Amino acid sequence: SNVFTPEDAEGYPEMIEYLMGLENTGDVLAELYANEILVEMMTDIIDDAKALSEQETGVDSNEIRNLINEGYATASVLEDICKKTGFGKDEIDSSFTAAYGITTEEYLSVKRFNVAKELLRFTVKSEEKIAEESGIGSVNSLIKMFADNEGCTPEVYRSKWAQWIR
């Protein structure tokens with residue numbers, strides 16, 4: 001379930017109240033304090049979700065995330081992870097979704113897209129090379145992904161964000 005139910009909710013109401021008070025101060029430092037509290041809260045939430053997920057399935061979602069981050073460019077990365085961990089795709093996906101709120105497929109797609117965006121911004125590599133190195137696979141898939149998510153082609157995205165390359 002994607003409903004947040006922390007093991008120890010003590011302290012959260014005070015944090016939320018403090019955050020609300022910071023919002024009204026208009027102080028520049030208030031944003032930094034709010035950021036610190038939000039990071040602390042999100043870390044606790046993620047840790048609780050991860051621990052709950054591991055208790056239920058035995059799957060270490062953090063390890064799965066790391067394996068995806070390492071092998072995203074490989075077409076068979078999810079199948080390779082199943083073989084390496086000895087867990088089935090459904091077990092891994094269930095645990096991962098419980099911990100992070102998205103499926104392994106969705107995470108992999110976002111990872112590949114972010115790599116493609118980074119390559120467009122910071123290199124002069126061709127769209128073919130970027131599609132290959134990011135794991136997206138084909139230029140057509142790369143173009144569709146950019147149209148769906150950024151509302152433009154990869155080349156237009158590059159020109160917006162990497163004008164210094166010229």
Side-chain angles (χ1 to χ4, degrees), residues 1-123 130 133-136 142 145-146 148-151 154 157 160-162:
S1 155
N2 288 337
V3 177
F4 170 58
T5 53
E7 290 295 314
D8 180 15
E10 196 172 313
Y12 286 113
E14 291 83 10
M15 286 181 184
I16 292 169
E17 192 174 310
Y18 184 67
L19 279 171
M20 292 172 73
L22 287 175
E23 180 182 352
N24 299 324
T25 65
D27 183 7
V28 176
L29 288 177
E31 189 171 335
L32 293 173
Y33 294 133
N35 228 4
E36 180 180 13
I37 290 169
L38 289 170
V39 166
E40 181 181 341
M41 287 175 72
M42 290 306 300
T43 301
D44 289 347
I45 290 167
I46 290 169
D47 287 345
D48 284 350
K50 192 178 105 177
L52 180 62
S53 169
E54 288 173 20
Q55 288 172 4
E56 291 175 356
T57 64
V59 175
D60 182 348
S61 298
N62 193 46
E63 177 189 5
I64 302 303
R65 185 177 52 84
N66 289 337
L67 291 169
I68 292 172
N69 288 341
E70 292 168 10
Y72 64 87
T74 306
S76 63
V77 62
L78 297 178
E79 292 81 13
D80 296 345
I81 290 170
C82 289
K83 288 177 189 168
K84 181 173 183 161
T85 62
F87 290 105
K89 182 172 178 354
D90 289 341
E91 289 174 289
I92 288 173
D93 217 36
S94 174
S95 177
F96 194 89
T97 301
Y100 298 111
I102 61 173
T103 67
T104 54
E105 289 281 348
E106 291 167 331
Y107 182 82
L108 178 59
S109 181
V110 169
K111 174 66 179 175
R112 288 174 170 167
F113 186 59
N114 285 335
V115 169
K117 290 193 307 186
E118 187 174 309
L119 290 169
L120 282 166
R121 286 193 307 258
F122 301 114
T123 73
I130 289 171
E133 289 184 17
S134 65
I136 291 171
L142 180 71
M145 199 174 254
F146 270 86
D148 292 347
N149 294 288
E150 294 292 329
Y157 180 87
K160 279 198 251 180
W161 291 98

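When a residue number appears, it is its place in the shown sequence, counting from 1. Below, all heavy atoms of this structure are taken into account, side chains as well, without hydrogens, waters or symmetry copies. Predicted model, so just to flag it, every value in this text is computed and none were measured.
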So how far is it from E70 CD to R65 CZ, rounded to the nearest 0.5 Å?
10.5 Å
Gap between atom CG of L29 and atom CG of N35 - 0.5 Å precision
12.5 Å
Just so I know, are the side chains of E91 and T85 near enough to count as touching, which here means a heavy-atom distance under 4.5 Å?
no
Decide side-chain contact (heavy atoms from CB on, under 4.5 Å) for I37 and M41; before the verdict, give the C-alpha distance in whole Å, the side-chain angles of both, and the deciding distance to 0.1 Å.
CA-CA 6 Å; I37 290 169; M41 287 175 72; 4.0 Å; yes
Where do S95 and S61 come nearest, in terms of heavy atoms and distance?
OG-OG, 2.9 Å
So, using salt bridge (Lys or Arg N to Asp or Glu O under 4.0 Å) as the criterion, who are the partners of D90 when residues are at least two apart?
none
Can you measure from CG (D148) to OG (S109) and round to the nearest 0.5 angstrom?
9.5 Å
For T104, enumerate each residue passing the side chain to side chain contact (heavy atoms under 4.5 Å, CB included) test, keeping only those at least two apart in sequence or located in another chain.
I64, I68, L78, K89, I92, D93, F96
Does K111 have any salt bridge (Lys or Arg N to Asp or Glu O under 4.0 Å) partners at least two apart in sequence or in another chain, and if so, which?
none
Are any of the side-chain heavy atoms of E133 and T123 separated by less than 4.5 Å?
no
Please report the interatomic distance CG(L142) to CZ(F113), rounded to the nearest 0.5 Å.
8.0 Å
side-chain hydrogen bond (donor to acceptor under 3.5 Å, both in side chains) filter on E118, not counting sequence neighbours, yields none
If we only count heavy atoms from C-beta on, is the N69 to Y107 side-chain gap below 4.5 Å?
yes
Under 3.5 Å: donor-acceptor pair, side chain of T74, backbone of V77
no
Separation of L32 CG from L22 CG (nearest 0.5 Å)
10.5 Å
Taking atom CD1 of I81 and atom CG of N66, what is their separation to the nearest 0.5 Å?
9.5 Å
Partners meeting salt bridge (Lys or Arg N to Asp or Glu O under 4.0 Å) with E150 (sequence neighbours left out):
K117
Side chain to side chain, V110 and E106, heavy atoms closer than 4.5 Å:
no
Who pairs with Y72 by ring-ring contact (aromatic ring centres under 6.0 Å, His included), at least two apart in sequence or on another chain?
none
